[in-house]
Amino acid sequence: MTEPHLPDGGAAIATADPDQQVPGRSEPPGPSRNLLRFVGKKVAITAGLLLGVTILTFLLVQAVPGDPTTTNLSETAQKDPSVVAAYRAKWGLDKSLPVQYFTYLNHLLHGDLGTSQSTGNPVASDLGKYVPATLELAIPAMILALAISVGLGLWAAVRKDKPADHAIRGVALVGLSTPSFWLAIVVLYIFFYKLGWAPNGGRLSARYTPPEHVTGMYTVDALLQGRPIAFQDALWHLMLPVLVLTALTVSVLIRFVRSAMLEVLDQDYIKAAYAKGLSRRTVLRRHVLRAGLVQVVTVAGLAFASLLSGTVLIEQIYSWPGLGQYAYRSALNLDLPAIMGVGLFVALVYTLVNLIIDILYGVIDPRIRLS
Amino acid sequence: ACSSEDSGGNGGSSTLTVDTSFVVKSLDPGAVYEPTGNVIVHALYDTLVTFDGSDISKPVPDLAKSYTAAPDGKSFTFVLRDDAVFNDGSKVTAADVVFSLNRLKNLKGSAAAIVKDLSASATDEHTVVVTSAVLNPNVPTILAEPYAGILSAKLAKQHGGEDGPDASKTDKLGSYLNTATVGSGPYRIESFDAASRIVLTANDKYWGNKPAFKRVVFQNMDVQNQKLTMSKQPKSEIALDLAGDSLSGLPGALQQSGSADSYYQLRLHADPAVSEVTSNRDWVNALQAALDYKGLAALFGSSGVPAAGIVPTAYAGALPESEAQTQDLAKAKSLAEQSGVASKSVKLLYPAITFGGVDLGTIAAKVQSDAAKAGLKIELDPAPIASFLDQRRGGKVAFSFSPQLLDYPVAASVVADLMPGGGTAQAAGWTADRADPATVAAANKVLTALDAKEQVAALQDWQRLMINHSPYITLVYNSGTVVASADLKGAVYTAAGWVVDIADISSR
Amino acid sequence: MSAVNGPLLQVSGLSVTLRGSDGPLPVIKDLDLQVNPGEIVGIAGESGSGKSLTALTLLNLLPPGATVTGSMRFAGTELTGLDRRGWQRTRGSGIAMVFQDASAALHPMLTVGVQLTEHMRSGLGLSRAAARARAIELLEQVRIPQPERALRSYPHQFSGGMRQRVAIAIALACRPQLLIADEPTTALDVTVQAGILALLDELRRDNDLAVLFITHDLGVLSSLTRRAYVFYAGRVMESGSTVQVLTDPAHPYTAALLAARPHGLSATRTLRAIPGAPVLPGQEPPGCPFEPRCTFALDACRAGVPPHEPIAHGRTLACVISPDLSGADR
Amino acid sequence: MTGVPSTLAADSAPPALPARRWFGLRPGAPRAERVARRRHSRGLTVAACVILAAWALVAVFAPLLAPHDPLAQSGPYYASPSAAHWFGTDQLGRDILSRILYGARLSLPLAVVIVALALLIGGGLGLIAGYIGRWVDESLMRLTDLVFAFPPIILAMVVTAAFGPSARNAVLALVLVSWPTYARVVRSAVLSIRSSDFLHASRLLGVGPWQALRRDVVPNSVGPSVVLASLELGNAVLMLASLSFLGLGPRPPAPEWGAMIAAGSNDLSKWWVSIIPGIAILTAVLAFNLLGDAVRDWLDPRARNAR
Amino acid sequence: MSDLLTVEDLRVEYRPRGRGVVRAVTGVDLAVAAGEVVGLVGESGCGKSSLARVVAGLAAPSGGRVLFAGEPVVPLAWRKRPAAQTRLQMIFQDPGGSLNPRRTVGAQLLDGVPAGVTGSDRRARVAELLERVGMSAAAGERFPHEFSGGQRQRLAIARALAAEPELIIADEPVTALDASAQAQVVSLLLSLVRELDMGLLFISHDLALVHEIADRTAVMYLGTIVETGPTRRLMAEPRHPYTQALVGAIPQVSAEPRLPSVLRGEVPDPSHIPSGCRFRPRCPYAVEICRTEPVLRAAAGSLVACHRAEELAAVPADVTQNGESR
Ligand SMILES: Nc1ncnc2c1ncn2[C@@H]1O[C@H](COP(=O)(O)OP(=O)(O)OP(=O)(O)O)[C@@H](O)[C@H]1O
Ligand SMILES: Nc1ncnc2c1ncn2[C@@H]1O[C@H](COP(=O)(O)OP(=O)(O)OP(=O)(O)O)[C@@H](O)[C@H]1O
Ligand SMILES: [Mg+2]
Ligand SMILES: [Mg+2]
């Protein structure tokens, strides 16, 4: 059976052996064609993925013994068949499954994600509200986590087997072993309940009106609208959840960063850089970091995805009206359009993040072309 | 919109914060049904009649300055006051009332089932007659509930409101009501975020006494956070979901107000074809004797009350506390043995939620462990709420458990539902032929009583009979509680359905 | 660094011990080695004999935990015990190094231009423009076509041979006095190897560069170097002028190495393998490390490590028996 | 969900960097290679083994060790830690220490079951996809993409919410979200073996494709997935606890650690109710993680830096 | 002597993503007879391995034919290999990768023992094979990682021998080994070929090594064979300029050392093969006629693909560019 599709298997050889290329003689075919094909392929894959997500969620929710009418009508109302029938008719639940599905797809193609049965709003507008809330947690947490873990990971790698390394690895391991929701509770207990330094949840103190929806992120919007006090307050509310998310992400990332950096430190080109007489600082900053970033980017992308899901629990504890809470509630209420909306959105983010990673690879590592 | 509150933040006088955990699906009176929605809708829309504070014994005038009941108990005449205006300044007329009540009925929302027998007509601009197709002395109470809020017909129609028979299809008003208010209540909606934050502002055209707070912010907050927040003794803040054990350990300066208006009930299917265990009277009685009602009540902290009958203590007709059920393990054991099915285990279905501050799993686990002491075997079967309701509606669930609230604050409303032929009895397989005739007779007596006193006595008799002859075991009553910061007054809990009248709250 | 009379590099009694998992691991033992200005000196030996470690020791690039004893005098300065600054100054502008695998030794994500100029600016104190000018000059010197374009290219855009040329240019950038080349052609085809060898020889001549050339190919050793050291198990077995060592080996090990290699284009004959396997560090026999594999071994060989001593003008040997190898292969 | 996202472990095999050329891992020095493998702080591994063994013993002997019945009320509700109840009691007056001890009978075996099932299913599919290739491979990869595109907890949440909370459904949900990682790991191992010389050699000797699968492919492709599995054990404990925390795990009154944390999270003044089970999870997961690292170092010397 | 292996106009092409077609082998004719050692030399990337893999049946050719004992070689697929073709065996470059690390050496050798051998004879055969390659029978119990590179390569040879091959294709079998181990393996191979009267296609980029063992040698450049002939003669009097360059580039141990001669340019990318004579861009003798592609032909006492073979035979065989004597 060996090599039933040899050309594919051989691609690895071709990239692993770029010896044959000489500048000016054999540049790969023009980037524009490649880029087009690359983008086309990505779009096709994404579309397939999204379709898969809709089918998956649809089937999943249909397999469920529950019925959305139950959670969206009072118990008394459910005993009245005419009320139930009216409800089912309103939401199209009386149609056959394929019809329901294709109706949904048809709407989807027109950019309509449907209406959430549990909030009564268009799913798209719900997402518009909840997604920025989650991003407001996830983005700073990701940035902080990256900065911290790259710093500490590099430090640990450089000081391999020294006390600093042991300490960093130990803390990361403990972090990795800590249940996020538990950590969130402990932190809340300490900083809110005991010390009173932090608010207890929510995005903004009640006495402030949320800034008008521009980006949906309160801190950004407050700044844009010139409301420094609201900005401060929003920032203050961000503190604990971001702290917890950062801690978790850092502990996930550090070990990868460290091993990536160790791998790099072990490379001949680092020895060669030292052999040239460069200072340690230059070597670490210019040579080690740069090379280590390729792998950091890989895991960072994945860590971002996991961070998004980590927020489900954190949002629960910090009363953060984000995507995670929305997903949780929709799941419990079997709110099909909402679950699908969340699924689609997350799948989109997933492909987007992958795309960004691919692009970053290209930026960081010239060996990797768009292919 | 405005950035003024950034500066006047900590004064706390202008804004009332309401901490509650919510999912508000709609602020349309025709569709509202969840507690926070009711609180808000009650503040946005006036009703014909209402209740005063925590007193739910008798509806008092609101938009109607008076009402009279016809002797047949089927027809009620409401005379509107003439100074009431909607928040656009236009007068509240009988036509608005008729429009609102028709819409409520035809919209086929959650409340439609309650009002399906009612019809309204205007005799003149200030008089409305509401007629019930069946005998129903409780019509005024029903019309006090938030879902019976009165909309401005003109404004409603402008934004797609319909009251015709096919309103359930044609009405387009619903989502508009999340952003604007077409009522005559003390507040109007300022901003609506179904899951995180809802803000009300005072209606400056309000015809009655102006509310003390200009702004009310409903913050979505889970119970634990509410407790934490209140522990910090904030200003101008109330919490609505602290109940049960989460009330303990709160600072003494906080004010608590509550009344036991919900009941937690086990339902045991009476049909042997569904379960030979739960349909076994001895087994049911054994379970009834095995339960530690005091211990169950203690799970709810100070707010729990061991059940005596079915009707919670907040309502007229409740049995006195002295009659509270007690545990009798010896009796339970002997009944269990006698039943002959004690070796069989049965699944207890319940929704996997936290209600009234207590995780239902905890209560179910307590029931399970109490039963085990008498040798009765119960397996717990939590289900997502949707699937729970769906299964129970199917009428094939042997054994289930859930908290219950009254549709409107009259105890008799539960009777029709629980007696053979009622919806719940039906789902529990309790048909007339399986029921004890005396119990059925007692129920009918409650339903036909016209006089309040007579009704109370009948209710109590009925409950005493139900204890040993019905497929229901009521465990405890629990109280909703309003916890308010020390600087507030008027934050009283009402069992009337809207929890607390926001407009009544003011600073000391 | 000022020009000095006498040897450019004088290593004496150098020992290196690495940190192994089960304790210290002596990998280089009592090494004496000398490189004169402008001279190409070769080091040959089997895999694992400590050639690369010697090179790394000379640049203080050993893995953490390594201990170095003995003396390394370079251009009048003692290198053993130098601090970080001191090493930084020595590397690049005193001693430079070319690694075996250029594709691994060039940073894959930095342009040739950056890699070629970054140390020039600190090491030679050149301005950006001056560094660039010198870079182009260097690339021309190592015969890279289109040097301007090459500066903007990444290493992967070059062939293996070209990459090695770039690596050499980088090593030469700060005008080192000594270039250590650790098997720079082992990964290359013979035709490409020939080019690199010619280049190194030319650079030596033009720049008065001393080269310490490490290889395991005796043919390469013969064609390029003038003096040679034969390594085995972290020790020098013999040394002397390359021609003498290779045509008249004094040590049985050298002779065995010669017998094992294909003899180029002379008449076909069977290759003769050295019996046994090379010793691993930490597992040396008490006597001569080559004794277990040596066809001439005597009891005396087991008694102790043979001293490494001069036997004739410019030749040294570490063998107690000094058999007459003329009858043996070559 | 905390812990290493399982996808990380799968894809983190560093993009083919040149093998270590520098310090003699040449074919000629097999022993040196093995020496390098053992360069480890055995202390931590021993500690991990001790903790795990302790937990295993606790799980086995819980009935003997527990001072109280974990399901029965043995004290007042919410009693703070005391001599009678070392770790206090919970909302039903059950002894927390006893519940934690019994909890080990739940979390640890379930974690093992989750990982084993995911390994079996994912590994099996990955093996087939990698070996057969073509459309089989392509469709499997798209399927894994699909699962990866959902954050694991949301998918698990939907599944358990849909089918009702129970230990079985939680396990199924977690298997559903974790098999793709194994599939990918095994697949990529199979792909590299498929182009390996030893497979070619045995095929050339006349060994049939299925026989070769058994002899050459399977034994050589399980290594990485076993490493992954050992690293995932801790994560499985965490994911299970997370689901339980959301009320989607084993049913009450089962003493599941995550659910115990949830029970206490409503009221921080009863800190012992949630803090202590959290520590139980922490130690168990920590031990699993340490052990996973040790297994990886042992099976995969190349990754030894990644600790 | 009839040819055991016949390769006719063999072509191997790859279509890697993002690159043009890679023509790794472009029309090669080759034959190996029983008892004959044929060397195949050429620079890295010229297509040697591609050729070897197709000849052994590991991959299907893009064109041309490979006949083994008169039958076309069946590329491996979802079937067992026909028994007859197991007599064509291959030895790989990487001794670490060519043995299954998780099975004992003995078990792997057993795989190859023909089904005809049964019972205790099978084990005996394994011991015999191990002895034949100079290993003790006890080695069969051990795992590959317990051996050094040279030993592993000998074990790989023993495994190939298990199938009682008539022809062995060895793709750079000693490149990864030390000089000393190289010597061992090469001598072993050579003695086996002589003893068992097998054919051997010995692929290497080390001309000196090929010179030691091959009866005939083919020189490959960019996918084609540019010269072939009896090894001794080919090395002594190379006719193709490329062969000359290869020969000249071998560093010699000599009492009068001289630097090896340099061939300019690089091996071009097989996805961009120059037109005409593919060696033309690097050839010091290229003239106008070289713009047309030469074919392999008998010229100047050799089979050579060069338009100017006769002319060049007249000049001393030295394409030295700067290989001055020192
Ligand atoms: N699977 C493949 N896909 C694409 N190109 C390939 C593939 N395999 C080999 N090549 C290319 O084909 C050409 C010939 O490769 P081949 O491995 O046959 O060369 P070789 O002579 O064996 O080289 P080496 O001496 O380096 O082993 C090279 O340019 C190589 O990059
Ligand atoms: N970091 C290390 N830890 C332990 N042993 C090491 C280390 N680096 C090298 N060694 C050992 O030291 C010995 C000498 O290694 P060195 O790399 O100097 O050999 P070499 O002569 O350069 O071999 P090659 O020809 O393979 O490059 C070898 O046996 C090697 O296994
Ligand atoms: Mg070396
Ligand atoms: Mg090859």
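Protein chains get the first letters and strands the later ones, always in sequence-line order, with residue 1 at the start of each.
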Polar contacts chain B-chain D (donor-acceptor, d < 3.5 Å, no H, no angle):
residue : atom : partner : partner atom : Å
B/K227  : NZ   : D/D267  : OD1          : 3.4
B/K227  : NZ   : D/D267  : OD2          : 3.0
B/D245  : OD2  : D/K270  : NZ           : 3.2
B/S248  : OG   : D/K270  : NZ           : 3.4
B/G295  : O    : D/Y77   : OH           : 2.5
B/T362  : OG1  : D/Q91   : NE2          : 3.4
B/K366  : NZ   : D/Q73   : OE1          : 3.0
B/D381  : OD1  : D/R251  : NH1          : 3.4
B/D381  : OD1  : D/R251  : NH2          : 3.2

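Shown here for B/P382 and D/P165, the closest heavy-atom pair between the two residues is O-CD, 3.5 Å.
Residues passing the ring pair (Phe, Tyr, Trp, His ring centres under 6.0 Å) test with D/F245 are A/F181, sequence neighbours excluded.
Ranked by non-hydrogen atom pairs under 4.5 Å with chain B, the options D/G247, D/P253, D/G93 are led by D/P253. The most heavy-atom pairs under 4.5 Å with chain B, out of D/L71, D/L92, D/L248, come from D/L92.
The contact between B/L296 and chain D is made entirely by backbone atoms, counting heavy-atom distances below 4.5 Å. Contact of B/A372 with chain D is not made at all, since no heavy-atom distance falls under 4.5 Å.
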